Amino acid sequence: MGSWSKRQQVRDGFHDCVVGLQTPGGGSSNMLKTYFSDVKFNRCITSQLIKWFSNFREFYYIQMEKYARQAINDGVTSTEELSITRDCELYRALNMHYNKANDFEVPERFLEVAQITLREFFNAIIAGKDVDPSWKKAIYKVICKLDSEVPEIFKSPNCLQELLHE
DNA sequence: ATAGTACCTG
DNA sequence: CAGGTACTAT
């Protein structure tokens, strides 16, 4: 399936910054490829790359919904009570998935966006919008606009090593 | 027709 | 994650 020499390196850090990445319209597919300068892309490899990000996004949103519902069951009534810190359960779940080895320092911006996402889910569920089969679409549309730029350092084939030496 | 995505499954 | 289906958009 091709040499994903950079796969492990890029995965984690990428998603600390690119959570809601939507490929259509944004031309993001080509943008992503520029971060894998050592990979020769064909149809198959490209779709696998796209699939990864699809899976990553999926995981992110599944956690958000789960945590939002859990908060509601726990009696939370206001979004003011929902904040995402580096020691909260949700953050740990995400970090465990995207940044298992803690190679990357998760940007503050990620916490902000995650919190916005969580509150978005919370409000939608409270409002009973989840009866609509496509209720998440509205949330996706909001969050994908909050994507951060992917740090340039991830373009380096040796980004992991370089980060570890900082 | 093809690429990209959501949703579900293993 | 990868596979598969169904659906949207180009």
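Protein chains get the first letters and strands the later ones, always in sequence-line order, with residue 1 at the start of each. Everything numeric in this text was worked out from a predicted model, so none of it was measured.
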#### Entry: Rounded distance (Å) that lies between atom P of dG3(C) and atom CD of Glu58(A)
15 Å
### Query
Do you know which of Tyr140(A), Tyr67(A), Tyr60(A) makes side-chain hydrogen bond (donor to acceptor under 3.5 Å, both in side chains) with Thr117(A)?
Tyr60(A)
### Message
Can you tell me which nucleotide in dA2(C), dT5(B), dA6(B) comes closest to the side chain of Lys137(A)?
### Response
dA6(B)
### Query
Which of the following nucleotides, dC7(B), dG4(B), dA2(C), is nearest to the side chain of Thr46(A)?
dG4(B)
#### Entry: Nearest-Å distance for atom pair CZ/P, residues Arg43(A) and dG4(B)
11 Å
### Query
If you take atom types as modelled and just measure distance, does the side chain of Lys51(A) reach the base of dG4(B) with a donor-acceptor pair under 3.5 Å?
no
### Task
Report the residues that fulfil side chain to side chain donor-acceptor pair (under 3.5 Å) with Arg43(A), sequence neighbours left out, ordered by chain and then residue number.
none
### Query
Would you say a side-chain N or O of Tyr61(A) is under 4.0 Å from OP1 or OP2 of dT5(B)?
no
### Summary
Checking dG4(B), dC7(B), dT5(B) against the side chain of Ser29(A) (C-beta onward), the nearest is dG4(B)
### Distance, rounded to the nearest Å, where Phe59(A) contributes CZ and dT9(B) contributes P
18 Å
### Query
Rounding to a whole Å, what distance do you find between Leu49(A):CG and dT5(B):P?
10 Å
### Query
Lys136(A) has an atom NZ; how far is it from atom P of dC7(C), in whole Å?
18 Å
#### Entry: Value in whole Å for how far the P atom of dA3(B) lies from CG of Asn30(A)
12 Å
### Query
Can the ring centres of Phe53(A) and Phe56(A) be said to be less than 6.0 Å apart?
yes
### Query
Can you check the Asp132(A) CG to dA6(B) C1' distance for me, whole Å?
14 Å
### Query
Please give, in whole Å, the distance from dT5(B) P to Asn55(A) CG?
12 Å
### Query
In Å and rounded to the nearest 0.5 Å, what is the CG to CZ distance from Asn30(A) to Phe41(A)?
9.5 Å
